[in-house]
Amino acid sequence: MHGRISQLFLINALTCGLEVCLAAGTIYIPPMLLEAGVEERFMTMVLAVGPVLGLIVVPLIGSASDSWRSKYGRRRPFIWVLCMGVLLGLLIIPQTSTLITLLTKQQRHWLEVPLLVLAISLMEFCGQACFTPLEALVSDLFPGEEESRKAFSVYSLMLSLGGCIGYLLAAVNWTTSDTVVYLGGQEAFIYIVLTFIFLACLMGTTFISEEKTVRERLGEAEVSRKPEKLKTRCCPCVAFPRFLLLRRTYSSLLSVAPRLYSLCSRMPKVIARLFVAELCSWMALMSFMLFYADFVGEGLYNGVPSEEPGSSGRIRYDEGVRMASLGLFLQCVTSVIFSLVMERMVLCIGARKLYLSSVVLLAVSTAVMTISNNIILVTIMAAATGYTFCILQILPYTLTCLYHSNAQVFFSTDRHNFPLREEDLMLVRSELLSSTKQKITNGCINGYPGTIPFHSNIKNSQSLDLHVSITMDPQPSALRGMGTDIAILDSAYLLSQVVPSLFMGSIVQLFHSVTAYMACASLLSLVAVCFSSKIVFEKADIDAR
């Protein structure tokens with residue numbers, strides 16, 4: 001247990017550092033885009049580029065990490081690659097103008113906006129996608145329902161703590177220091193600090209030792225039972241020339257769309273309901289969080305972000321952004337407090353009431369922000385949304401661990417007729433062999449509705465002949481990894497940013513008011529209440545339906 005706790009601390013250290021960067025870094029993205037000359041409707045679309053890329057890649061990352069084999073583990077290689085993208089974005093974003101000036105010898109150039117958009121998209125995509133292998137790593141270490149709830153409570157606590165630090169950095173006016181002025185101003189100083197924080201947190205992942213899960217050990221046992229000729233074929237760097245490897249990589253890229261369709265078509269009903277409810281809930285919360293700084297700066301402080309630095313309109317807008325950072329900081333403080341007592345609240349109140357109350361509170365809070373111009377009241381309502389943020393960071397992943405820990409109950413009603421791949425057959429064969437050795441000696445096999453002939457030598461893996469094509473109907477959970485379903489939930493989080501980012505700018509321009517941000521968030525919260533009532537929280541919910 002001591003080893004797992006230390007591993008959890010190291011994972012959450014990177015989680016905290018990543019959230020610090022995303023919280024403080026993204027608070028300046030709308031002002032920087034507007035200052036660069038990007039219109040408001042296009043500014044919101046830029047915020048959608050990273051999540052769109054994540055929607056395509058994150059499910060593949062989750063699925064690939066389930067079957068990845070390397071001396072560094074299954075999840076860490078993906079974490080390290082994505083963290084490099086975050087670091088690159090942190091370095092480029094504040095220095096875009098300087099880099100363009102060095103390359104073109106001009107103060108203003110058309111390449112400045114594309115480079116800024118590219119760096120922002122890279123940081124947003126890599127930062128948000130990195131949470132998927134981190135969450136899968138937590139679920140690998142703590143697979144049970146109770147222990148996963150405790151682990152993800154700590155995960156949510158560190159995530160909220162990272163948000164607190166990030167928003168607090170953005171809420172302070174650092175421009176009074178000569179050092180900050182020398183480094184290039186508030187934004188440049190913040191991004192330098194973020195780079196050092198993130199590097200320190202990233203170094204801790206080198207000490208993480210991933211434990212092999214039961215499924216991973218089964219897969220290795222199956223490979224070890226194969227003839228030596230087949231073992232050699234399993235190592236592409238030995239058996240295949242380099243040009244064939246390139247060809248296989250190219251064909252893998254072409255199979256992205258079919259692979260995504262395969263993952264979604266096999267989604268169990270309980271996961272599908274959770275996905276839709278989480279999508280609506282996150283969409284409401286993201287409509288508030290993504291545009292809250294712009295709402296306060298323009299709507300409450302009457303600032304003008306497109307004016308030159310030092311002008312009265314720009315000063316008011318910057319003050320509004322700092323006040324919005326304070327509101328989001330208080331949101332994270334609220335989330336930290338509820339993370340500390342979440343386990344007790346689940347036991348006393350129940351997961352269903354907690355989830356539904358969180359989206360109802362979000363609807364009320366955003367409705368108050370829509371009709372009120374009082375900055376104190378608006379800030380209090382922003383702090384209250386931390387309860388919703390905490391719930392969405394814990395309960396969906398806890399429910400996923402619950403579904404997988406009791407797969408026969410929660411996945412038993414899902415019947416899918418789909419062709420099994422060779423690796424799927426290997427996995428099912430391994431699971432059947434390990435779970436039925438004792439029953440085979442008695443001459444009977446129970447639990448699988450299929451014909452499974454066997455010979456007297458049960459140690460030979462070739463003696464277990466699996467007639468899947470005749471009558472066998474496998475459970476989806478037997479072929480699904482935890483990382484796959486966590487990636488699906490993370491896709492809901494990413495998609496929740498895409499839809500508001502694509503349409504919010506046009507809606508604001510249509511109504512000529514940034515108050516439309518909060519009004520849309522309140523309406524989406526009501527939709528989330530409807531779909532959240534259909535989530536399966538326990539076995540009784542399945543029986544009721």
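Bear in mind the structure is a predicted one, so any value in this text is a computation, not a measurement.
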With sequence neighbours excluded, residues passing side chain to side chain donor-acceptor pair (under 3.5 Å) with Gln186: Tyr28

Any side-chain heavy-atom pair from Ile535 and Val270 closer than 4.5 angstrom? no

I'd like to check Tyr403 versus Val536 (side-chain heavy atoms, cut-off strictly below 4.5 Å). Are they in contact? yes

Do Asn12 and Thr15 touch side chain to side chain, with heavy atoms closer than 4.5 Å? yes

Can you name the ring-ring contact (aromatic ring centres under 6.0 Å, His included) partners of Tyr191, sequence neighbours left out? none

Quick check for you: to the nearest 0.5 Å, what is the distance between Leu122 atom CG and Ile93 atom CD1? 8.0 Å

Flag the pair Val296 / Val514 as yes when at least one side-chain heavy-atom distance between them is below 4.5 Å, and no otherwise. no

Using 0.5 Å steps for rounding, measure from the CG atom of Leu90 to the SG atom of Cys21. 5.0 Å

Ala171 and Arg322 have their tightest heavy-atom pair at O-CD, 3.6 Å

Can you list every side chain to side chain donor-acceptor pair (under 3.5 Å) pair that touches residues 157-174, not counting sequence neighbours? Ser160-Ser335, Asn173-Thr175

Heavy-atom nearest pair, Phe531 first then Ala277, reads O-CB, 3.7 Å

Should we say atom CE of Met84 is surrounded by more than 12 heavy atoms from elsewhere, each under 6.0 Å from it? yes

Taking only residues two or more places apart in sequence or in another chain, which ones pass ring-ring contact (aromatic ring centres under 6.0 Å, His included) with Phe131? none

For Ala521 and Ser525, which heavy atoms make the closest approach, and how far apart are they? O-OG, 2.8 Å

Could you tell me whether the side chain of Val333 reaches within less than 4.5 Å of the side chain of Ile337, counting heavy atoms only? yes

Test side chain to side chain contact (heavy atoms under 4.5 Å, CB included) applied to Ala383 - qualifying residues, sequence neighbours left out: Leu330, Thr334

How many angstroms lie between atom CG of Leu91 and atom OG1 of Thr96, to the nearest 0.5 angstrom? 11.0 Å

For Gln95 and Ala188, work out which heavy atoms get closest and say how close. NE2-CB, 4.2 Å

Among all residues two or more places apart in sequence or in another chain, which pass the ring-ring contact (aromatic ring centres under 6.0 Å, His included) test with Tyr493? Trp282

Is it the case that Thr385 and Gln331 place a side-chain donor and acceptor less than 3.5 Å from each other? yes

Taking atom CE of Met32 and atom CG of Leu116, what is their separation to the nearest 0.5 Å? 5.5 Å

Separation between OG1 (Thr98) and CD1 (Ile92), nearest 0.5 Å, reads 12.5 Å

So Phe152 and Tyr155, would you call those rings parallel, tilted or perpendicular, with 30° and 60° as cut-offs? perpendicular

Side chain to side chain contact (heavy atoms under 4.5 Å, CB included) evaluation trace for Ile391 with Met342: CA-CA 8 Å; Ile391 294 295; Met342 182 55 59; 3.4 Å; yes

With sequence neighbours left out, the residues meeting side chain to side chain contact (heavy atoms under 4.5 Å, CB included) with Cys83 are Leu14, Ile79, Cys130, Phe198, Leu202

Suppose we screen for ring-ring contact (aromatic ring centres under 6.0 Å, His included). Which residues come up paired with Tyr387, at least two apart in sequence or across chains? Phe338

Within the 4.5 Å heavy-atom criterion, are Val38 and Val113 side-chain neighbours or not? yes

Between Ser522 and Met518, is there a donor-acceptor pair closer than 3.5 Å when you use the side chain of the first and the backbone of the second? no

I'd like to check Cys280 versus Leu524 (side-chain heavy atoms, cut-off strictly below 4.5 Å). Are they in contact? no

I want to check something: taking the side chain as every heavy atom from C-beta on, are Ser281 and Tyr355 in contact at a cut-off of under 4.5 Å? yes

Qualifying residue for side chain to side chain contact (heavy atoms under 4.5 Å, CB included) with Ser532, from Val276, Val527, Leu356: Leu356

Side chain to side chain donor-acceptor pair (under 3.5 Å) involving Thr132 - partner list, sequence neighbours excluded: Asp490

Those residues at least two apart in sequence (or on a different chain) that pass side chain to side chain donor-acceptor pair (under 3.5 Å) with Gln128 are Glu124, Gln497

Would you check, one step at a time, whether the test side chain to side chain contact (heavy atoms under 4.5 Å, CB included) holds for Val346 with Leu395? CA-CA 9 Å; Val346 170; Leu395 289 189; 4.1 Å; yes

Where Met45 and Leu502 come nearest, the two heavy atoms and their spacing: CE-O, 3.8 Å

Please report the C-alpha distance between Leu161 and Cys332 in whole Å, then the side-chain angles of each, then the deciding distance to 0.1 Å, and finally whether the side chain to side chain contact (heavy atoms under 4.5 Å, CB included) criterion is met. CA-CA 7 Å; Leu161 182 61; Cys332 292; over 6 Å; no

For Leu285 and Met289, what are the C-alpha separation, side-chain angles and deciding distance, and is it a side chain to side chain contact (heavy atoms under 4.5 Å, CB included)? CA-CA 6 Å; Leu285 188 59; Met289 293 181 64; 3.8 Å; yes

Interatomic distance, Leu361 atom CG to Met381 atom CE [nearest 0.5 angstrom]: 7.5 Å

Across all chains, not counting sequence neighbours, the side chain to side chain contact (heavy atoms under 4.5 Å, CB included) partners of Pro500 are Met283, Ser287, Phe291, Met504

Mind checking side chain to side chain contact (heavy atoms under 4.5 Å, CB included) for Ile197 and listing every partner two or more places apart, or none if nothing turns up? Val20, Leu169, Val193, Cys201

With a cut-off of 6.0 Å (strictly less than), are more than 12 heavy atoms of other residues, nucleotides or ligands near CZ of Phe537? yes

Of all heavy-atom pairs between Ile61 and Ala129, which one has the smallest distance, and what is that distance? CD1-CB, 4.3 Å

